[in-house]
Amino acid sequence: MQTFDVTDYATRFAGKSSAIKRPREITYFSYDENHALKHDESSLRYYYTPDLNVDLGQGYNSFVKHDDSVDEHLDSLLDALVELERKEGRISTEGVHFVTWRGMMTKIMTVPYLEDGFEMNAVFHEGTIFIEENNLYKQSTRGTQDERGARMSFWGYKFETLSTLSRPWGEATREEIENRTREIVNNKAQYCSIVQTGFGDSGIIIAGEVDAIWDCRPMNPANPINYVELKTSRQVSSTNQQINFEKKLQRFWAQSFLLGVPKIIIGFRDDYGILKNVEIKETQGIPTGIRKAHAAQGLGPPPWNGNVAINFTTAFLEWLKGVLAGKEGLWRIRYQQRGSRIEVFQVQESGSAGVLTDRFLEWRRE
Ligand code: A3P
Ligand code: MG
Ligand code: MG
């Protein structure tokens with residue numbers, strides 16, 4: 001077993017942030033309302049301001065919920081890469097050291113602040129390390145959700161339904177805008193963006209769900225895309241709540257930073273799930289915003305630092321490259337508890353144990 005030390009994170013990884021690349025979208029895909037994969041942007045949603053004082057719990061009993069206990073591995077991400085390579089006639093992972101879901105990168109970026117541990121599977125193939133969540137671990141550690149937890153989770157999806165349209169606002173009718181409160185909430189449909197980015201000397205392909213777009217896709221593909229991330233959170237009315245919210249903001253920031261999503265739109269609700277106000281935050285300005293707020297309120301140092309998270313991720317990926325380069329079989333990346341070490345060890349001597357699909361492997365053999 002090899003380990004990466006996480007202790008003294010804040011001091012060891014302090015300083016100016018390491019070189020990072022602006023994420024550039026290489027392709028995208030959708031899941032339709034039955035969660036079937038489509039290589040298009042059909043499930044992309046368009047942001048349109050929601051009405052305030054609406055009940056985010058309304059329609060809970062008709063929620064069409066995706067069963068996320070099924071292990072989807074990296075399947076749709078790999079399928080999208082095959083599609084892209086077929087279309088462009090080039091290998092998409094050239095110069096790319098890692099391919100993974102955004103969720104895995106978010107866990108890595110926020111390691112010292114995670115409440116729980118994690119387990120991931122990794123496979124080295126033709127110069128690239130493919131990383132997925134270890135679904136067995138995820139299922140075994142997932143507590144049972146109580147009624148209130150299930151309702152609160154619904155609030156988040158309801159907010160997405162209330163704040164988006166299926167086409168740009170300029171094309172939508174008044175009726176479509178008003179009908180959003182009556183729309184059935186369905187989280188099987190998703191739109192995912194796949195970007196290429198970099199931390200230090202590590203090139204990475206990351207795929208993640210994008211909730212909506214602010215306006216519409218730019219005509220010039222070289223221009224950044226105005227994606228938005230939607231979140232709900234409790235209204236802040238005390239310093240304690242402010243600190244809790246700032247801690248949550250680290251995850252929001254990391255998620256959006258990784259895909260290059262420039263705006264995070266937060267629907268603040270009360271304890272009963274009534275939407276009270278909506279705030280638009282620029283992802284880039286979040287770390288500085290928290291630092292300034294703390295200075296102005298005499299609150300002491302902020303609960304987290306963006307540069308530290310970036311430097312830590314750069315160092316960890318560089319180390320992981322060295323551990324897994326040229327290795328066969330299935331490897332486990334494990335983080336068991338706060339302030340400990342990230343452990344990497346082999347769990348299977350050959351094969352990719354479902355991390356890579358037959359379709360992907362056959363395509364690459366051709
Ligand atoms: P919030 O974002 O408002 O919390 P995402 O924000 O990643 O786009 O996810 C959309 C919604 O899915 C979340 O809304 C939340 O309601 C729900 N959700 C996401 N991750 C969850 C988790 N681990 N457990 C329960 N609900 C979750
Ligand atoms: Mg989402
Ligand atoms: Mg969201």
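Ligands are counted one by one from 1 in listed order, and the atoms in each one are counted from 1 as well.
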Can you tell whether the side chains of [X] and [Y] come within less than 4.0 Å, N to carboxylate O?
| X | Y | result |
| --- | --- | --- |
| Lys158 | Glu160 | no |
| Asp270 | Arg234 | no |
| Lys107 | Glu132 | no |
| Arg90 | Glu94 | no |
| Arg332 | Glu343 | no |

**Prompt:** Among protein heavy atoms, which sits nearest to atom 27 (C) of ligand 1, and what does the distance come to when rounded to 0.1 Å?
**Reply:**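 The answer is Ser153 OG, 4.1 Å.
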**Request:** Write out the residue and atom name of the closest protein heavy atom to atom 18 (N) of ligand 1, then the distance separating them to 0.1 Å.
**Result:** Tyr157 OH, 3.8 Å
According to the interplanar angle, ranging from 0 to 90°, do the rings of [X] and [Y] count as parallel (below 30°), tilted (30 to 60°) or perpendicular (above 60°)?
| X | Y | value |
| --- | --- | --- |
| Phe312 | Tyr9 | tilted |
| Tyr191 | Tyr227 | tilted |
| Trp304 | Trp253 | tilted |
| Tyr47 | Trp214 | parallel |

**Asked** Which bit of Leu230 gets closer than 4.0 Å to ligand 1, counting heavy atoms only: side chain, backbone, both or neither?
**Response**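 The answer is the backbone of Leu230.
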**Request:** Name whichever N, O or S atom of Glu229 ends up nearest to the Mg ion (ligand 3).
**Result:**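 Going by distance to the Mg ion (ligand 3), the closest N, O or S atom in Glu229 is OE2.
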**Prompt:** Is any N or O atom of Gln255, backbone or side chain, closer than 3.5 Å to an N or O atom of ligand 1?
**Reply:** no
I'd like to check [atom] in this structure: does the protein have a heavy atom lying under 4.0 Å from it?
| atom | answer |
| --- | --- |
| atom 10 (C) of ligand 1 | yes |
| atom 25 (C) of ligand 1 | yes |
| atom 20 (N) of ligand 1 | no |

Of all the atoms in ligand 1, which lie at a distance below 4.0 Å from a heavy atom belonging to [X]?
| X | answer |
| --- | --- |
| Thr232 | 1 (P), 3 (O) |
| Asp211 | 8 (O) |
| Glu160 | 8 (O), 10 (C) |
| Glu229 | 5 (P), 6 (O), 8 (O) |

**Message:** I'd like the name of whichever of Gly156, Ser256, Ala212 reaches closest to atom 13 (C) of ligand 1 through any heavy atom.
**Reply:**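 That would be Gly156.
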**Asked** Can you tell which of Gln145, Lys248, Lys231, Glu209 gets a heavy atom nearest to atom 6 (O) of ligand 1?
**Response**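 It is Lys231 that holds the nearest heavy atom.
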**Complete:** Checking distances from the Mg ion (ligand 2), one finds that the N, O or S atom of Asp211 closest to it is OD1
**Message:** Quick check: of its N, O or S atoms, which one does Glu209 have closest to the Mg ion (ligand 2)?
**Reply:**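 Looking at Glu209, the N, O or S atom with the least distance to the Mg ion (ligand 2) is OE1.
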**Item:** Candidate pair Trp363 and Phe360, rule ring pair (Phe, Tyr, Trp, His ring centres under 6.0 Å), full reasoning
**Value:** CA-CA 5 Å; Trp363 163 253; Phe360 181 78; 9.0 Å; no
**Asked** Is there an N/O/S atom in Leu230 that lies less than 2.8 Å from the Mg ion (ligand 3)?
**Response**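 Given the 2.8 Å cut-off, Leu230 counts as a ligand of the Mg ion (ligand 3).
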**Message:** Would Arg217 and Tyr28 count as a cation-pi pair here, with the cationic atom under 6.0 angstrom from the ring centre and within 45° of the axis?
**Reply:** yes
